[in-house]
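Notes to accompany the following structure.
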Amino acid sequence: MNPNQSADEGAPDARRRRTILIAVCVALMAVIASVSGLNVAQPDLAVIFGASQSTILWIINIYTLALAALLLPLGAIGDRLGRKPMLLGGLAVFGVAGVAAALAPSTEVMLAARLLSGVGAAMIMPITLAVITTTFPEEERGRAIGVWTGVAGGGGVLGMFLSAALVDVANWRWLFALPVALVVVAFAMTLRSVPDSSETSGHPFDSVGALTSVVAVVGLIFVLQEGPERGWSAPATLIGGAVGVVAAAGFVGWELRRRDAALLDLRLFGKRSAAAGSLTLLALFGVQAGIFVVLFPFFQAVLGWSALLSTLALMPMAVAMMAASGLAPRLAVRVGARSTMASGTLLAAAGLVLMATFVSVDGGYPALLPGMLAMGIGMGLAMTPSTEALTGSLPRERQGVASALNDVTREFGTALGVALLGALVSAGYRSTIGTRLDGVPGGVADTAREGVANAVEAAGGAGVHGRVLIRGAQESFVDGWQQAMWAGVAMMAALLLYILTRGPQGSRVETPGKDDDTVRRIAERSPEGSFPSA
């Protein structure tokens, strides 16, 4: 039992632990569904608010920006003030913001509501995992983290599917009904079942570290979100990048000086489990996000599917990922965390190879399904031990920070994947579409060069060349797809090599618990105060 947990509560029994796990996963699902839900309603938002595409993207991205920026400081505050009050407060803020967004009469109100939703999500997300790592006994912790990881990885697809269904049968304002309903359920279950725990610290809160981390994350995420839209050499992009890099350097320098009093003790990355876990999550979520950037245009512009059907087509991958996440802890006990992570990464790479090899305009969905299933299973196997490795690298009293670091890594990976793989798809498309536009009128050809969706839309004005234009645009998109997928394969190969040489050692990763004081004493005695290699 946590030393600062209320004595009258005692250690939760098995039935209560199941209820706790359901409560935090429902709360997590609300957050994850809101990350991707509005993507299916972009045209509706543009019409209702008379907003530009840039403004619509800000309505979507400001949520992720606030979430990523505030994860570390709010995770640390939750450790100090109490995880249950922070979770309940976050659910309340998130629920109010969801209602405000659903009723928003203008773009300004919608932006404010989405920003507030991001704040609430940053209060919720790190606490959900911290509750698991501080409540569940060591022999059950891996399985519980596997369930959490499955929801975090596959929940976004389920959220998109339900959101698309709501848009089809009702309107975009009902998109917020699902997260708000989940928040109400999670609030009631948390109030009744989740134990409160907090940690005392002999050091004051690291306000400077918190501020510099917020500025660094905002600057770097801004660049990754806005670079593809504004241009990588645009003044706003360059300024955002410079601010982010300077703040990140300041954060690193300050945290190294603070050592044990730091918001995030950077010495933990000297441990194999922390470094391997964070790098694996960064790469996996980057590749997953990049795949989604490719799959949706393929389903809609190449296969001609609706948003609902396109999202449904992703469900096998999400289900495979969630099932593998539940299997991963048992496999890690048998063969070790490193072998499980390596097997998952290899399988994910094989899925990318299958998709890159067999994708074609005429092959359709059946040509992609085997690769999608392999990718989903591989990611599920690799994500759970990676998450456990990262959270287990920090002691019990800093599990809010550990969980927040896990979440920040995921958010950065997602932003990187969308920016880099999305750019490769676009570059591959533009480099080949020109040779397929012979005879197409100049204005229509210029529109077609902007993207496959633009080409399909412009084909109606191409006269007798319309069918040729659509076919050429679809084939060019597949060329860009293959370029991005092979880049993903290279990333997975590099990650696999790293895991095999520097992954967690032994049959299990470190987990926060009774030996944390010993770990800290060893760290303090080691040269320069650094952590010994795991």
Side-chain angles (χ1 to χ4, degrees), residues 1-5 9 11-12 14 16-28 31 71-72 74-84 86-87 90 123-153 190 193-199 201 264-265 268 271 273-274 276-278 280-281 325-326 328-329 332-333 337 383-410 504 508-520 534:
M1 184 180 71
N2 191 311
N4 293 321
Q5 185 174 308
E9 291 189 71
R16 188 178 175 193
R17 288 196 297 271
R18 286 194 295 271
T19 305
I20 291 169
L21 182 59
I22 294 171
V24 297
C25 284
V26 170
L28 175 65
V31 171
L71 280 168
L72 274 177
L74 291 180
I77 292 172
D79 284 337
R80 289 170 175 255
L81 298 184
R83 298 181 181 106
K84 182 173 182 176
M86 178 64 79
L87 181 55
M123 298 169 69
I124 296 169
M125 198 168 181
I127 301 303
T128 58
L129 185 55
V131 166
I132 291 174
T133 56
T134 57
T135 301
F136 281 74
E138 184 175 324
E139 63 272 14
E140 296 182 15
R141 193 176 299 138
R143 291 193 296 272
I145 290 177
V147 173
W148 185 95
T149 303
V151 173
T190 299
S193 301
V194 173
D196 190 19
S197 62
S198 61
E199 311 294 344
S201 174
L264 174 63
D265 192 342
L268 75 93
K271 303 178 74 175
S273 54
S278 58
T280 301
L281 290 172
S325 295
V333 170
M383 284 192 302
T384 299
S386 300
T387 298
E388 192 172 3
L390 185 53
T391 57
S393 299
L394 278 167
R396 182 184 294 272
E397 66 268 17
R398 294 199 176 187
Q399 281 305 291
V401 173
S403 304
L405 179 60
N406 172 76
D407 299 332
V408 170
T409 302
R410 291 166 180 260
R508 53 178 288 274
V509 296
E510 299 95 330
T511 52
K514 63 183 180 181
D515 295 329
D516 293 333
D517 290 336
T518 303
V519 172
R520 287 195 299 274

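Quick note: residue numbers are just sequence positions, from 1.
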ask   = Can you tell me if S193 uses its side chain to pair, donor with acceptor, with the backbone of R16 under 3.5 Å?
value = no

ask   = If you take all heavy atoms of L405 and L72, which pair is closest and at what distance?
value = N-CD2, 4.1 Å

inquiry  = Please give me the minimum heavy-atom distance between T384 and G142, naming the atom from each residue.
reply    = CG2-O, 4.1 Å

query = Is there a side-chain contact between F136 and L21, using heavy atoms and a 4.5 Å cut-off?
reply = yes

query = Would you say I124 and L28 make side-chain contact, with heavy atoms under 4.5 Å?
reply = no

ask   = Does T391 use its side chain to pair, donor to acceptor, with the backbone of S403 at less than 3.5 Å?
value = no

task = Please check if the side chain of T128 supplies one atom and the backbone of M125 the other of a donor-acceptor pair under 3.5 Å.
result = yes

ask   = Looking only at heavy atoms, what is the nearest atom pair of D79 and R83, with distance?
value = OD1-NH2, 2.9 Å

message = Please report the interatomic distance CG(L87) to CE(M123), rounded to the nearest 0.5 Å.
response = 9.0 Å

key: Main-chain N/O of P195 paired to K84 side chain as donor or acceptor, under 3.5 Å   = no

inquiry  = Do the side chains of R17 and E140 get close enough for a salt bridge, i.e. N-O under 4.0 angstrom?
reply    = yes

inquiry  = Rounded to the nearest 0.5 Å, what separates atom OG in S197 from atom CD1 in I127?
reply    = 8.5 Å

note = With V24 as partner, the option from T190, V131, V147 fulfilling side chain to side chain contact (heavy atoms under 4.5 Å, CB included) is V131

query = Which heavy atom of T149 sits nearest a heavy atom of M383, and at what distance?
reply = CG2-CB, 3.4 Å

message = Main chain of I132, side chain of T135: is a donor-acceptor contact present, judged purely on distance under 3.5 Å?
response = no

Derivation of the side chain to side chain contact (heavy atoms under 4.5 Å, CB included) call for W148 and N406 = CA-CA 12 Å; W148 185 95; N406 172 76; 3.4 Å; yes

query = What's the shortest heavy-atom distance between G75 and A404, and which atoms?
reply = CA-CB, 4.5 Å

ask   = Rounded to the nearest 0.5 Å, what separation is found between the CG atom of L390 and the CZ atom of R410?
value = 9.5 Å

task = For the residue pair R141 and T134, confirm or rule out a side-chain donor-acceptor distance under 3.5 Å.
result = no

request  = Answer yes or no: is there a side-chain heavy-atom contact under 4.5 Å between L129 and T387?
outcome  = yes

